[in-house]
Undergrad: 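Shown below is the structure under consideration.
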Amino acid sequence: MRAGTRAAIAAPHLRTDRWWLAPAVTAAGLLAFVVYSTWRAFANEYYYAAPYVSPFYSPCLAENCAPMHAGPNWEILGGWWGLSPALIILIFPLGFRLTCYYYRKAYYRGFWASPPACAVAEPHKKYTGETRFPLVLQNIHRYFFYAAVLVAGILTYDTVLAFRDENYQWGHMGLGTLVFLLNIVLIWAYTLSCHSCRHIVGGKLKHFSKHPVRYRMWQFVGRLNARHMLLAWTSLVSVALADFYVYLVASGAFDDPRFF
């Protein structure tokens, strides 16, 4: 005869694998990027080595920026801003990533253990989801998407400028140019793989047959969306790599090899 209650199991879960490894690695990776980006954002130096500008400092919206020939010098805020100009522009790409559906899962599990893994109960006694402050602000992700598209467009312009030499002459390519090319491809792939982009392209359509162009776009974005996690990590690494490359060249620790 079956009892009407569940079996009494003293263990908090029945998983015997190393379920903690994935959230631990995720937390370590995200923490490493936070530490690195914080250091570079407050450093306010070694972010421009003609023709390369760090993606952390582009576009430069204050007067206290290094002069960048034909670069993204947009002195919108004037001279009253005395801190590092990177602290202004990083609000938008970081806001986009912080509210991203994948990154929410990553840092919810990695830092808050909410939940730490499948079939592993979270330690919190109460669960409110994203219905209260501050997590209710996650809903502004769709608006950060538009800002992320603008930033990606500016970084595309910076990549085009990377086809110059240190004297601003066109028709040249260095190792930094390839680093910037790789970064911008991954940035665009991650941005377009966003769930909000998929909804904007194909959402609210009742008949795809009446919208063939948007249907093809939706299919393309859908294929990218299937690799959203991979693109989130690779683009995170590539933007840090591009910044670090500029830092090495600007500080004199490394000479940019020229192919032609």
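All values derive from a computational prediction rather than experimental measurement.
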Undergrad: Are Tyr245 and Asp256 close enough that a side-chain donor and a side-chain acceptor fall under 3.5 Å?
TA: yes

Undergrad: Which is it for Trp112 and Tyr107 under the ring-ring contact (aromatic ring centres under 6.0 Å, His included) test, yes or no, and what are the steps along the way?
TA: CA-CA 7 Å; Trp112 298 345; Tyr107 62 77; 5.8 Å; yes

Undergrad: Quick check: closest heavy atoms across Ile200 and Tyr146, and the distance to 0.1 Å?
TA: CD1-OH, 3.5 Å

Undergrad: Heavy atoms only: give me the nearest Ala240-Phe56 pair and the separation to one decimal.
TA: CA-CZ, 4.4 Å

Undergrad: Any chance you could lay out the ring-ring contact (aromatic ring centres under 6.0 Å, His included) test for Tyr52 and Phe180, step after step, and finish with the verdict?
TA: CA-CA 9 Å; Tyr52 309 125; Phe180 273 57; 5.5 Å; yes

Undergrad: Is the ring pair Trp39/Tyr247 parallel, tilted or perpendicular, if the boundaries are 30 and 60 degrees?
TA: perpendicular

Undergrad: Would the distance check show the side chain of Arg15 and the main-chain N or O of Cys118 forming a donor-acceptor pair, the cut-off being under 3.5 Å?
TA: yes

Undergrad: Give me the atom names and distance for the closest heavy-atom approach of Phe220 to Leu192.
TA: CE2-CD1, 4.5 Å

Undergrad: Determine the interplanar angle of the Tyr190 and His228 rings, folded into 0 to 90°, and report it as parallel if under 30°, tilted if 30 to 60°, perpendicular if over 60°.
TA: parallel

Undergrad: Is the shortest heavy-atom distance from the side chain of Leu98 to the side chain of Phe144 under 4.5 Å?
TA: no

Undergrad: Does the Tyr47 side chain pair with the main chain of Ala86, one donor and one acceptor, at a distance under 3.5 Å?
TA: no

Undergrad: Side chain of Ser58, backbone of Pro55: donor and acceptor closer than 3.5 Å?
TA: no

Undergrad: Taking all non-hydrogen atoms of both residues into account, name the closest pair between Arg214 and Leu205 and its distance.
TA: NH1-CD2, 3.5 Å

Undergrad: I'd like to know if Leu230 and Leu224 are part of one continuous hydrophobic network [Ile/Leu/Val/Met/Phe/Trp/Tyr, side-chain heavy atoms within less than 4.5 Å].
TA: no

Undergrad: Measuring only between side-chain heavy atoms, which start at C-beta, is Pro116 closer than 4.5 Å to Glu122?
TA: yes

Undergrad: Are Phe163 and His172 close enough, and set up right, to give a ring-ring contact (aromatic ring centres under 6.0 Å, His included), and what steps lead you there?
TA: CA-CA 5 Å; Phe163 284 91; His172 299 272; over 10 Å; no

Undergrad: Would a distance-only check, ignoring hydrogens and angles, find a side-chain to backbone donor-acceptor pair under 3.5 Å from Tyr57 to Tyr46?
TA: no

Undergrad: Supply the atom-to-atom distance Arg97 CZ to Arg104 CZ, rounded to the nearest 0.5 angstrom.
TA: 15.0 Å

Undergrad: In terms of relative ring orientation, are Trp19 and His13 parallel, tilted or perpendicular, with 30° and 60° separating the classes?
TA: perpendicular

Undergrad: Take atom CZ of Phe42 as the centre, draw a 6.0 Å sphere, and report whether it contains more than 12 heavy atoms from other residues, nucleotides or ligands.
TA: no

Undergrad: Under 4.5 Å between any side-chain heavy atoms of Asp165 and Phe260, yes or no?
TA: no

